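The structure presented is a predicted model; accordingly, all values stated were derived computationally and were not measured. Read the numbers this way: they start at 1 and go in the same order the structure lists the ligands and their atoms. Because only heavy atoms are used, hydrogens play no part in the values below, and waters and symmetry mates are left out as well, while side chains stay in.
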Amino acid sequence: MSSGDSLSPERVEPLLTGRFGRPYVYEQSCGSTQELLDAGMPEGALALCDEQTQGRGRLGRSWTAPPGTAILASLLLRPPSDRVVSELSLVAGTAVAEAIEGGVGLAVQVKWPNDVMLNRRKVAGILAEASDGIVAVGIGVNVNQERSDLPEDTPVSAGSLYTIDGVKRERGPLLAGILERLEVNYDAWLERGLDGVYDSLGSRDFLRGRRIAVNGESGVGVKIDRDGRFIVDVDGEERAVESGEIAFER
Ligand code: BTN
């Protein structure tokens with residue numbers, strides 16, 4: 001990696017190819033990038049910090065990373081009011097998986113409903129939060145953290161791209177790739193719903209065929225369905241999981 005890995009506007013804006021990332025709101029340190037977006041901003045606005053002091057994950061969890069090691073970003077979307085916001089976690093997770101895969105050259109998967117997995121470790125997470133007619137799609141990608149930088153008390157073991165392939169990389173090109181894929185996938189979702197991204201999503205389904213536990217029951221993962229639910233086979237009976245957390249056997 002060249003010295004001076006930076007996500008400053010001067011470094012990233014020249015890499016942007018579409019309408020996502022405009023405006024590009026960058027602060028070195030913030031509480032949470034989710035708080036830097038507001039309803040007065042246009043769709044495609046991106047808030048980004050090198051350090052979050054109150055980064056948050058799903059289900060009330062925190063999200064931490066040493067300064068300058070990760071991508072910590074929130075994208076403003078304004079989907080039609082009749083659309084299902086939780087599907088955006090899958091749309092964004094698929095985009096992040098595609099972009100990482102382009103840079104790493106290893107298969108990257110999506111663990112329903114919002115985790116991005118590489119070598120059975122979670123390397124990225126998505127948090128889609130709706131308020132005031134906008135959706136803040138939070139994206140956290142573990143890029144250059146050392147193993148000792150990663151949290152240990154997480155339901156799914158955490159990894160960074162560096163702990164997995166030993167390569168320190170510039171975050172800017174990866175961020176630009178994520179925004180490019182996300183724009184393509186978001187437009188496809190606007191037009192056709194999850195069907196629009198299903199080829200990529202379905203082929204990256206981490207839980208498919210695994211022994212899993214959810215809501216106190218054990219079963220075998222069948223698939224993410226086209227409505228964004230997860231289908232589990234419990235003793236030969238298929239059940240649809242609408243929300244929550246699915247644990248998998250190692
Ligand atoms: C999860 O896996 O639980 C979701 C993690 C989302 C983390 C990102 S980092 C950027 C944005 N700001 C936050 O406070 N959270 C999201």
#### Entry: Gln145 side chain to Thr163 side chain, donor-acceptor N/O pair below 3.5 angstrom
no
### Query
Just checking, is any N or O donor in the side chain of Tyr26 or Asp50 under 3.5 Å from an acceptor N or O on the other one?
yes
### Message
Determine whether Ser62 and Thr64 satisfy the following criterion, side-chain hydrogen bond (donor to acceptor under 3.5 Å, both in side chains), listing intermediate values before the conclusion.
### Response
CA-CA 6 Å; Ser62 62; Thr64 59; 5.7 Å; no
### Message
Using modelled atom types and a 3.5 Å cut-off, is there a donor and acceptor pairing between side-chain atoms of Glu245 and backbone atoms of Val214?
### Response
no
Nitrogen or oxygen contacts under 3.5 Å, ligand 1 side and protein side:
from     : atom 1 : to     : atom 2 : distance (Å)
ligand 1 : 2 (O)  : Asn114 : ND2    : 3.1
ligand 1 : 2 (O)  : Lys122 : NZ     : 2.5
ligand 1 : 3 (O)  : Arg58  : N      : 2.7
ligand 1 : 12 (N) : Thr33  : OG1    : 3.0
ligand 1 : 12 (N) : Gln52  : OE1    : 2.8
ligand 1 : 14 (O) : Ser32  : OG     : 2.7
ligand 1 : 14 (O) : Gln52  : OE1    : 3.4
ligand 1 : 14 (O) : Arg56  : N      : 2.8
ligand 1 : 15 (N) : Arg56  : O      : 2.7

### Query
Can you pull the disulfide (SG to SG under 2.5 Å) pairs that have at least one residue in residues 42-109, sequence neighbours excluded?
Cys30-Cys49
### Query
Hey, what's the ring geometry for Trp112 with Phe230, parallel, tilted or perpendicular (30° and 60° as the breaks)?
tilted
